[in-house]
Amino acid sequence: MRLFLTGARMQLWLVRRQPDDLLTLCTIPFTVLMLMSIVVHSGRTDLLANAFLAPVLIGLWGFATGLAAEVLLTERWTRSLELGLAAPTSLHPVYLGRVAAVLVLGVVPLLETWVLGRLVFGVTPTLHHPGVFWAAVGASLFAMAGTGLLLAAFMLVNDNGHYQNFLSFPVYVLSGVMVPVEYLPDFLQPLSHAVFLSWSADLMRDALAPAPVAAVWWRLAVIFALGAVALVGGRLSLELTLRRARAEGSVAYA
Amino acid sequence: MGVRVREVGRTYRKGRRKNEEVVALDGLSLDVPSNEVHGLLGPNGAGKTTLCKILSTVLLPTSGTAEVFGLDVVARADDVRRQIGIVFGGERGLYWKLTARQTLRYWAALYKIPDARAKGRVDELLERLGLAEKADDLVETYSRGMKQRLHLARGLIGDPRLILLDEPTTGMDPVAAHDFRGLIGELRAEGRTILITTHDMDEAESVCDRVTLIDKGRVLATETPRGLAEMSGLQQWVEAETSVDVDGLPGVVGTERRDGVLRVRVVDAAAARVVIDFLLDRGVRSVRAVPPRLEDVYLDLVGRRGMGV
Amino acid sequence: MRDQLRVLRHGLVVQWLLFRGFHTWKTWTFGWLSRLLIQACFYALIGRMLGSQEQVDYLLIGNLVAIMAIDATVVVLLAVGERQSGTLALMVAAPATHLTVYLGKGLVHLGSGVAASTIAFLTLPPLFGVALPWPWAGLVPLMIFVVGVSCYCYGTCVAAFVLGFPSARWVALNLGYLVLMTFTGVNVPTSFWPEWVRGAISVLPMTHGLAAIRSFVDGGPVSVVAGELALELAVGAGWITVAALGFGRMVTRGRRDGTIEFAS
């Protein structure tokens with residue numbers, strides 16, 4: 001636990017030093033403006049919930065991918081990974097702590113979206129099922145932390161950064177953060193169900209709608225389960241990668 | 001006059017609110033005649049690189065004037081840029097995903113050399129610096145020494161009359177450093193003026209016509225390496241292969257023995273004479289007086305704080 | 001002039017080589033292009049959700065052209081790249097004009113953007129049932145090129161600013177293109193925004209070029225299309241002028257405050 005907190009504190013400290021890392025917070029308002037303007041302009045106020053939630057989820061996802069993964073990449077550049085390897089303790093709690101700290105910041109987009117919706121468009125969604133909504137947010141944060149670790153482990157192997165781009169819009173489309181999954185071509189829909197974000201988006205949208213929310217526990221459980229799978233998978237592959245790096249001596253760049 | 005620096009001052013603002021003032025150059029004056037190889041010596045932070053930056057027009061002086069071949073570096077920066085070549089030490093300043101040839105062709109264009117002439121010039125430089133064989137390999141595959149030679153080639157692309165070398169031998173192996181010194185000689189023979197900053201006293205002693213010792217942004221002394229040593233009034237050494245004891249002689253400050261060689265530190269040349277005569281009288285054959293080396297002078301003038309900082 | 005053109009050409013060649021060192025055709029196609037295409041799809045899907053083909057048409061065309069803006073503002077990173085590789089001081093100390101070097105280097109990204117945008121224009125409309133007036137629609141890539149030029153002038157201007165504040169590079173890059181994506185009529189007509197915002201929008205790149213393309217695709221009068229394109233170029237010229245001034249100022253500033261580092 002102490003290692004976890006060490007990691008978290010270190011990450012918050014790094015973020016403060018490197019304003020570029022706060023990028024997601026700067027881009028969210030534009031996403032809000034774009035999506036809200038589309039919905040407001042078309043007169044489909046019934047879709048406002050979508051326009052509200054999408055920036056929040058995109059922000060959350062952006063934080064997890066952009067930062068959590070980059071933590072490991074920059075880590076490697078600065079060769080501190082090698083030092084981390086030499087340190088007597090296990091690495092994962094530290095990294096997980098850093099990833100988690102990033103996600104705490106991930107709640108900020110939620111605030112940004114609400115504030116902008118209110119100020120610019122004069123609308124805020126009504127939380128018809130606040131309990132469900134916050135439970136979904138909590139579950140999503142957990143799942144995000146797990147996914148972040150998995151992505152970080154993945155990027156440690158594929159270090160060229162070319163495919164990091166792929167973690168943005170392709171995922172937004174696939175997970176239905178703005179446009180529900182049923183609008184996607186049929187062959188993509190099963191794939192969507194493997195992405196926890198699609199469950200989060202659905203559940204949060206339902207929480208904003210007046211109709212009673214069906215199968216809340218089951219859906220929350222799925223989000224948790226997908227997060228847990230990613231967490232375990234991430235942990236395992238991180239361990240494998242690091243162990244191989246230790247064996248092959250391929251940790252540092254230079 | 002190749003370089004003429006008059007009372008140049010340069011301060012930087014540092015700290016959170018830029019309210020801290022750091023003096024890098026404090027009214028520094030320096031003359032480097034054309035076709036001289038001039039060394040700038042001093043500890044880290046003495047102002048060597050700041051002076052190089054000002055002469056290469058990437059930094060403006062806060063006060064004073066600097067001229068390169070009579071051209072003011074502020075008022076006539078564009079003309080100055082055509083006269084100078086800059087060479088860094090280390091590995092930065094190169095595009096790693098280019099080859100040496102591509103690098104040089106690019107910089108040739110930035111030095112406004114027409115393509116037809118650039119091609120010949122690039123080939124010639126590649127040949128001269130021993131890069132011809134690897135000219136079409138990516139820079140990232142080069143050894144340190146090769147990168148350094150590419151730096152040099154790049155600095156020479158515009159056929160500069162003044163070459164600014166900022167710690168050029170950093171990280172060079174002894175062979176490469178030796179070749180480098182040979183090259184400096186060639187460049188001087190071609191009539192170029194060379195200003196070189198370095199930490200390496202042996203290097204400065206072997207390639208420089210004159211050296212300037214800088215500390216805290218001011219000139220401590222400008223002299224030939226030998227003259228500096230004499231002028232410094234530093235104690236001399238006498239070396240001899242003997243086991244004779246000289247401790248009681250007048251003017252002897254101290255002795256040390258290493259590998260059968262006696263080293264005697266004496267206060268001045270006269271005292272050295274006394275020691276030498278004393279040893280020769282006792283049949284010791286290999287005796288010589290050793291003037292202080294530039295490094296001794298440097299350590300004496302600058303103190304030891306500059307090292308390893 | 002011949003010197004300038006040579007610098008431009010060599011800047012282009014070098015950046016192309018560096019670009020090739022970073023991207024292979026595979027990474028460009030699968031890592032970069034496909035991401036841009038999917039971004040356009042994301043917005044087109046919103047149109048589908050809104051339930052009208054008209055919305056799909058509007059959003060898809062707007063976002064196809066907007067792809068150009070992303071690539072054109074990538075030139076922002078060039079400025080910082082020069083600092084990172086330690087070549088900025090060498091560039092400043094070389095006799096060539098800095099702006100020309102940057103313009104030459106940025107051409108690669110302009111090319112990448114025109115290519116990506118054109119490919120999107122050829123492949124995505126059929127997928128979303130967007131009808132185009134072929135064969136005349138073949139002229140649209142040329143108009144995209146015009147938009148690209150003006151976006152690239154704008155990007156160079158942002159780059160001039162970033163040169164002085166390298167730590168803001170990613171923020172500047174993203175804000176640079178998000179402003180365009182949000183306000184210039186990509187997703188909603190510019191008339192959606194309040195009057196006072198519209199004044200600023202009219203001097204942003206893409207506003208007029210996109211209007212020209214929309215009008216052209218809808219079969220609008222040639223005079224309107226040509227007029228808007230001319231305005232787009234004028235806007236580009238304005239931005240490049242500001243960029244030139246900005247570059248000069250930033251380099252002067254760097255020389256004054258000593259932020260142009262030697263590599264050692």
Side-chain angles (χ1 to χ4, degrees), chain A residues 17-47 50-51 54 58 62 66-67 70 116 120-121 158 160-185 188, chain C residues 22-24 26-52 54-55 58-59 62-63 66 70 80 127 165-183 185-194 197:
Chain A
R17 291 272 309 270
Q18 261 292 359
D20 260 359
D21 291 344
L22 291 174
L23 182 64
T24 305
L25 290 183
C26 304
T27 59
I28 288 301
F30 288 95
T31 314
V32 177
L33 287 180
M34 272 187 262
L35 298 181
M36 296 267 251
S37 65
I38 294 172
V39 170
V40 171
H41 177 67
S42 71
R44 289 286 304 270
T45 43
D46 56 314
L47 292 174
N50 295 49
I58 286 176
L67 256 174
E70 205 159 298
L116 266 175
V120 179
F121 300 96
N158 304 281
N160 56 23
H162 285 303
Y163 296 100
Q164 204 173 333
N165 278 317
F166 237 88
L167 296 173
S168 59
F169 278 93
V171 173
Y172 306 155
V173 170
L174 199 60
S175 60
V177 289
M178 176 71 190
V179 181
V181 175
E182 60 259 30
Y183 288 93
L184 292 181
L188 282 177
Chain C
F22 180 69
H23 273 307
T24 60
K26 248 191 225 164
T27 63
W28 186 81
T29 311
F30 296 108
W32 182 239
L33 173 67
S34 55
R35 179 247 188 239
L36 295 174
L37 294 184
I38 292 170
Q39 176 168 349
C41 292
F42 175 86
Y43 287 99
L45 277 169
I46 297 178
R48 197 172 273 183
M49 176 176 72
L50 293 173
S52 81
E54 207 180 310
Q55 289 281 1
Y58 194 90
L59 285 164
N63 281 282
I70 298 179
V80 186
L127 290 183
F165 305 95
S167 64
R169 63 195 185 279
W170 289 107
V171 173
L173 165 65
N174 281 276
L175 293 190
Y177 89 80
L178 283 170
V179 164
L180 299 187
M181 293 272 297
T182 308
F183 295 109
V186 173
N187 297 309
V188 289
T190 50
S191 59
F192 175 82
W193 303 104
V197 182

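All values reported here derive from a predicted model rather than from experimental measurement.
- Contacts with chain C were tallied for A:Gly43, A:Pro180, A:Ser37; A:Ser37 has the most, counting heavy-atom pairs under 4.5 Å.
- Taking the six-membered ring where the residue is Trp, C:Tyr43 and A:Phe169 present tilted rings, their angle falling between 30° and 60°.
- C:Gln55 touches chain A through its side chain: at least one heavy atom from C-beta onward sits under 4.5 Å away, while N, CA, C and O do not.
- Only one option out of C:Thr182, C:Asn63, C:Ile46 pairs with C:Asn187 in a side chain to side chain contact (heavy atoms under 4.5 Å, CB included); it is C:Asn63.
- With contacts defined as side-chain heavy-atom distances shorter than 4.5 Å, the pair A:Ser168/C:Gln39 does not qualify.
- Contact annotation for C:Leu36: neither backbone nor side-chain heavy atoms come within less than 4.5 Å of a heavy atom of chain A.
- At a 4.5 Å heavy-atom cutoff, the contact between A:Leu33 and chain C is made by backbone and side-chain atoms alike.
- Heavy atoms of C:Val186 lying under 4.5 Å from chain A are absent altogether.
- Here C:Leu50 contributes atom CG and C:Arg48 contributes atom CZ; the two are 12.0 Å apart, rounded to the nearest 0.5 Å.
- Heavy atoms closer than 4.5 Å to chain A are found nowhere in C:Tyr58, neither backbone nor side chain.
- To the nearest 0.5 Å, atoms CG (A:Leu47) and CG (A:Leu35) are separated by 11.5 Å.
- Side-chain contact between C:Met49 and A:Ile38 is absent, with no heavy-atom pair separated by less than 4.5 Å.
- Only the side chain of A:Asn50 comes within less than 4.5 Å of a heavy atom of chain C; its backbone N, CA, C and O stay farther away.
- At a 4.5 Å heavy-atom cutoff, the contact between C:Phe192 and chain A is made by side-chain atoms alone.
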